[in-house]
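Hydrogens, waters and symmetry mates play no part in the numbers below; they use all other heavy atoms, side chains included.
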Amino acid sequence: MASLQYKHYHDEEYDPCLAFATYIGADKDPSKEQVIEYPIKVLRDIFSSGLVKGDTLIELTATSAHILILVAADYFDDIILLQPCESDEQEAQKWLNKEAGAIDHSHLTTFVCGLKEECTEWEEHEEKTRRAIKQIVRWDITKDNPLGDVVLPQADCVLSAGYLDLVSKDHEMYLKLLKQICSLVKIGGHLILIGLLNMTYYMVGQHKFSALTYNEEFVRKSLTSNGFIIERSGKEKNRHNCDLMDYEYVAYFVSRKEREVYMPESP
């Protein structure tokens with residue numbers, strides 16, 4: 001259980017711009033590169049293999065960074081971003097609209113372009129990504145339906161990286177949120193989860209934030225109970241001793257939805 005002095009993602013001390021600078025900024029810190037570059041490479045392999053395909057992709061992360069969407073834009077024409085807090089939603093809109101002060105993703109885009117067989121300038125690829133993003137929608141877990149009055153069609157693929165790790169305060173909350181996320185996937189569609197196994201904390205500025213601690217077996221059981229079959233998974237052990245965060249593995253799970261599991265109605 002997280003120590004009481006730890007902050008949480010929903011506390012006012014969480015600063016999305018500082019979190020971006022800390023973990024995703026342009027400085028070359030090997031301890032941070034692993035949690036960025038490994039998921040990018042994995043996702044490109046998944047999409048290029050044809051295992052996961054379709055027209056519509058929904059992404060839900062706990063940051064305003066568009067790391068994995070930069071990969072998905074080569075494979076999906078209709079992308080919907082779900083933003084879990086107002087500040088992340090504002091930052092995402094600023095980047096989409098190319099507003100002054102928007103977070104600079106150029107180093108990430110350059111890395112993604114370097115993995116492509118054809119040569120693409122990073123500016124061109126960012127424009128392609130912007131064209132693919134059709135909606136930015138608030139995902140508010142304080143509501144029974146996090147989408148509020150917004151109705152979205154079920155997607156061919158839902159992609160979530162790190163969201164459940166940072167937002168969930170306990171396993172019960174993780175399972176509730178996962179069930180809501182699973183409802184966004186159409187039958188036969190795929191859910192791609194990327195997370196950090198056995199992590200307890202991460203740092204943003206001077207504050208230590210709690211993270212949900214869970215293992216691989218917990219994720220597998222959770223996906224199965226929601227009507228999914230895991231078709232591919234993998235993990236990479238943390239190669240660095242870093243004070244910023246204490247995860248054991250970066251892991252991914254690619255699951256196909258076989259059946260609908262309905263959420264019980266609120267009393």
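A 4.5 Å side-chain heavy-atom check between D55 and F76 finds every atom pair outside the cut-off. Side-chain contact between S210 and K7: absent, with no pair of heavy atoms (C-beta onward) separated by less than 4.5 Å. Proximity of V35 to V250: side-chain heavy atoms (C-beta onward) are separated by under 4.5 Å at one or more points. Residues L175 and N226 form no side-chain contact, since every pair of their non-hydrogen atoms from C-beta on lies 4.5 Å or further apart. Side chains of L108 and V112 form no contact here, defined as non-hydrogen atoms less than 4.5 Å apart. L212 is not listed as a side-chain neighbour of M199, based on a closest heavy-atom distance of 4.5 Å or more. With contacts defined as side-chain heavy-atom distances shorter than 4.5 Å, the pair Y252/D45 does not qualify. K53 has its side chain out of reach of Y75: every pair of non-hydrogen atoms, C-beta onward, lies at least 4.5 Å apart.
When each of I181, L191, V137, I80 is tested with I58 by the rule side chain to side chain contact (heavy atoms under 4.5 Å, CB included), just one qualifies, namely I80.
The CD1 atom of I103 sits 11.0 Å away from the CH2 atom of W95 when rounded to the nearest 0.5 Å. Rounded to the nearest 0.5 Å, atoms CG (L184) and NZ (K257) are 8.0 Å apart. Atom CG of L196 and atom CD of E248 lie 11.5 Å apart (nearest 0.5 Å). Distance CD/E123 to OG1/T110: 8.0 Å, rounded to 0.5 Å. The distance from the OG atom of S233 to the CD atom of E216 is 5.5 Å, given to the nearest 0.5 Å. In this structure, the separation between CD on Q90 and CD on Q83 is 10.5 Å, given to the nearest 0.5 Å.
Using a cut-off of 4.0 Å between Lys/Arg side-chain N and Asp/Glu carboxylate O, R138 and E86 are scored as not salt-bridged. Using a 4.0 Å cut-off between a side-chain N of Lys or Arg and a carboxylate O of Asp or Glu, K176 and E172 do not qualify as a salt bridge. Electrostatic pairing of K94 and E91 counts as a salt bridge here, judged by a charged N lying under 4.0 Å from a carboxylate O. The pair D77-R131 does not meet the salt-bridge criterion, since no charged nitrogen lies less than 4.0 angstrom from a carboxylate oxygen. We find that K221 and E217 are joined by a salt bridge, their nearest charged nitrogen and carboxylate oxygen being less than 4.0 Å apart. Using a 4.0 Å cut-off between charged side-chain N and carboxylate O, K98 and E127 make a salt bridge.
For the residue pair L57 and F47, the shortest heavy atom distance occurs at CD1-CZ, 3.9 Å. Pairing each heavy atom of V261 with each of S225, the nearest pair is CG2-O, 3.8 Å. Minimum interatomic distance between A132 and A73 (heavy atoms only, all atoms of both residues): CB-CB, 4.4 Å. Pairing each heavy atom of D165 with each of Y214, the nearest pair is OD2-OH, 2.8 Å. Closest heavy-atom contact between E59 and L81: OE1-CD2, 3.4 Å. L60 approaches P84 most closely through the heavy-atom pair CD1-CD, 4.5 Å.
Between F228 and F253, the ring centre distance reaches or exceeds 6.0 Å. You'll find the ring centres of F218 and H171 inside the 6.0 Å limit. Taking the six-membered ring wherever Trp is involved, the centroid distance between the rings of Y202 and Y247 does not fall below 6.0 Å. Two rings, from Y6 and F209, have their centers 6.0 Å or more apart.
When the shell of 6.0 Å around CG of N97 is examined, it contains more than 12 heavy atoms from other residues, nucleotides or ligands. Crowding of K134 atom NZ: a count of heavy atoms from other residues, nucleotides or ligands under 6.0 Å exceeding 12.
A donor-acceptor pair shorter than 3.5 Å can be found between the side chains of T200 and D246.
In terms of modelled atom types and a separation under 3.5 Å, the side chain of Q154 and the main chain of S183 share a donor-acceptor contact. No donor-acceptor pair closer than 3.5 Å links the side chain of D156 to the backbone N or O of G189. Distance alone, capped at 3.5 Å, places no donor-acceptor pair between the T213 side chain and the N198 backbone. In terms of modelled atom types and a separation under 3.5 Å, the side chain of H125 and the main chain of L70 share a donor-acceptor contact. Using a distance-only test at 3.5 Å, with no hydrogens or angles considered, no donor-acceptor pair links the side chain of S168 to the main chain of D170.
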**OP:** I would like to know whether I133 and I136 meet side-chain contact (heavy atoms from CB on, under 4.5 Å); could you show each step before the answer?
**Re:** CA-CA 8 Å; I133 298 172; I136 297 177; 4.3 Å; yes

Subject >> Worked verdict on H190 versus V185 for side-chain contact (heavy atoms from CB on, under 4.5 Å) >> reply: CA-CA 7 Å; H190 287 83; V185 185; 5.7 Å; no

**OP:** With side-chain contact (heavy atoms from CB on, under 4.5 Å) as the test, would you mind laying out the steps for I229 and S255 before giving the verdict?
**Re:** CA-CA 5 Å; I229 292 179; S255 307; over 6 Å; no

**OP:** List the steps, then state whether side-chain contact (heavy atoms from CB on, under 4.5 Å) holds for V52 with R256.
**Re:** CA-CA 9 Å; V52 177; R256 178 171 50 83; over 6 Å; no

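Taken together through direct or relayed side-chain contacts under 4.5 Å among Ile, Leu, Val, Met, Phe, Trp and Tyr, W122 and I40 form parts of separate hydrophobic clusters. There is no path of hydrophobic side-chain contacts, each under 4.5 Å, that joins I187 to V254.
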